[in-house]
Structure formats: structure tokens, C-alpha cells
Amino acid sequence: MVLPSEASQRPFLNLSSKEFNFLKKDSKRVSNALAQKARDEYKTDLGLAMFGKITEKQGEGEYRIETYYSLSTPSGIENHEYTLGGELWMVRERAAIIALDMVRKYLLIKTQGA
């Protein structure tokens, strides 16, 4: 599920505007809440979320974006954060790769330990 804006994230989390505004002061908490809600809502073993915040416009069509990744697992939530830069299409692609790699690494560790 792709929730590209506050207008879609807030109802998914079932939060009022005031509650969401308080939550989004800490991007890691937003990412954690989205990952946990995805896992609970769809009754899956894993819930993955990525939340990004533009921090700086770098040039024509280029941005610096703080990205936060959360993977909700049966044993808790794993987090990563990265600063990405470039055109928005490139940042989206890189963010998706980072998020999927987070799941891949988690699954590798789990299958090696099994």
C-alpha cells in the first residue's frame, strides 16, 4: 500500500489532524506507527514503512530528503535512516531499494538462524 501524503497516512493510522501533527514532529515515530499499523491491519509477520521529509531544495528539481525506514517484526521494530539527495524520481527509487533491502537482510538473518 502506498500512502503518499498526510491525507492518506492520517486516516490509515486513524488519527485526528491534531494527533497526526504531534506525531509527525518525530519522523521515526511516524514510520514506526505506519509499519506497526500495516502489520496489524493485514495480519502479517512483517510491516514495512518508509517516511520521507524534504529538508532542502538543492537546485532545479533536486532535493535533500531525510528518509526513515521501519520494519515491524514479531520481536519489535527495526529502524534505519538515511539522507538522500537528487531528483524526486531518483530518491523514490533509491528509498524503495533501501526499504526492500531491509526486508531482505531481515529474512536472510531469520533463515540462517532457523
Side-chain angles (χ1 to χ4, degrees):
M1 169 181 277
V2 176
L3 304 171
S5 67
E6 179 179 328
S8 56
Q9 295 162 2
R10 191 178 55 74
F12 179 71
L13 293 173
N14 198 28
L15 296 174
S16 69
S17 292
K18 185 177 179 180
E19 291 169 322
F20 190 81
N21 286 336
F22 179 75
L23 182 68
K24 75 178 185 181
K25 290 179 183 179
D26 182 350
S27 298
K28 181 179 169 183
R29 287 180 46 212
V30 175
S31 183
N32 285 349
L34 289 167
Q36 187 62 50
K37 175 71 174 189
R39 185 168 171 257
D40 293 344
E41 183 78 14
Y42 300 109
K43 297 174 180 37
T44 60
D45 291 337
L46 302 175
L48 176 66
M50 190 283 298
F51 185 78
K53 182 169 49 174
I54 294 174
T55 58
E56 173 187 353
K57 185 170 181 171
Q58 295 183 310
E60 189 61 39
E62 294 191 3
Y63 300 88
R64 177 169 303 283
I65 301 175
E66 296 292 329
T67 59
Y68 301 84
Y69 306 83
S70 298
L71 180 63
S72 176
T73 72
S75 59
I77 296 180
E78 295 183 18
N79 299 103
H80 293 286
E81 53 186 83
Y82 299 95
T83 300
L84 304 177
E87 295 178 29
L88 289 179
W89 70 267
M90 185 186 333
V91 171
R92 285 185 192 113
E93 187 174 295
R94 289 173 53 204
I97 290 167
I98 290 168
L100 291 173
D101 192 52
M102 190 175 178
V103 173
R104 181 188 68 82
K105 289 175 181 176
Y106 173 82
L107 293 172
L108 278 173
I109 290 168
K110 286 298 175 189
T111 57
Q112 290 174 354

Which class fits the ring pair Tyr69 and Tyr82: parallel under 30°, tilted 30 to 60°, perpendicular over 60°? perpendicular
Would you say Trp89 and Ile65 are hydrophobically clustered, going by side-chain heavy atoms of ILVMFWY under 4.5 Å? no
Supply the atom-to-atom distance Gln36 CD to Asn32 CG, rounded to the nearest 0.5 angstrom. 8.5 Å
Where do Ser70 and Ile77 come nearest, in terms of heavy atoms and distance? CB-CG2, 4.0 Å
Can you name the nearest heavy-atom pair linking Lys24 to Val30, along with the distance? CA-CG2, 3.4 Å
Note: Leu3 and Gln9 closest approach over all heavy atoms is O-NE2, 3.0 Å
Closest non-hydrogen atoms of Ala38 and Gly47, given as atom of the first, atom of the second and distance, are CB-CA, 4.5 Å
Taking the side chain from Asn21 and the backbone from Ser17, do they hold a donor-acceptor pair closer than 3.5 Å? yes
Give me the one residue out of Glu56, Glu66, Arg64 that meets side chain to side chain donor-acceptor pair (under 3.5 Å) with Thr83. Glu66
Treat each ILVMFWY residue as a node, draw an edge where side-chain heavy atoms are under 4.5 Å apart, and state whether Leu15 and Met1 are in one component. yes
State whether Asp40 and Lys37 are salt-bridged, where the test is any N-O pair (Lys NZ or Arg NE/NH1/NH2 against Asp/Glu carboxylate O) under 4.0 Å. no
4.5 Å side-chain heavy-atom contact, Asn79 and Glu81: no
Surrounding CZ of Phe12 (heavy atoms of other residues, nucleotides or ligands, distance under 6.0 Å), is the total greater than 12? yes
Heavy atoms only: give me the nearest Leu34-Ala49 pair and the separation to one decimal. CB-CB, 3.6 Å
Output for pair (Ser31 OG, Lys53 NZ), nearest 0.5 Å, gives 12.0 Å
In this structure, would Leu84 and Met90 fall into the same cluster of hydrophobic residues linked by side-chain contacts under 4.5 Å? no
Check the hydrophobic clustering (I, L, V, M, F, W, Y; side-chain heavy atoms under 4.5 Å; chains of links allowed) and say if Leu13 and Met50 are grouped together. no
Got a donor-acceptor contact below 3.5 angstrom from the Arg39 side chain to the Leu71 backbone? no
Roughly how far, to the nearest 0.5 Å, is CD of Glu6 from CG of Leu23? 10.0 Å
Here the gap from Thr73 atom OG1 to Tyr106 atom OH, rounded to the nearest 0.5 Å, amounts to 4.0 Å
Check against side-chain contact (heavy atoms from CB on, under 4.5 Å), Val91 and Tyr63: CA-CA 9 Å; Val91 171; Tyr63 300 88; 6.0 Å; no
Rounded to the nearest 0.5 Å, what separates atom CD in Gln58 from atom CD in Glu87? 11.0 Å
Any heavy-atom pair between the side chains of Ile98 and Met102 that's under 4.5 Å? no
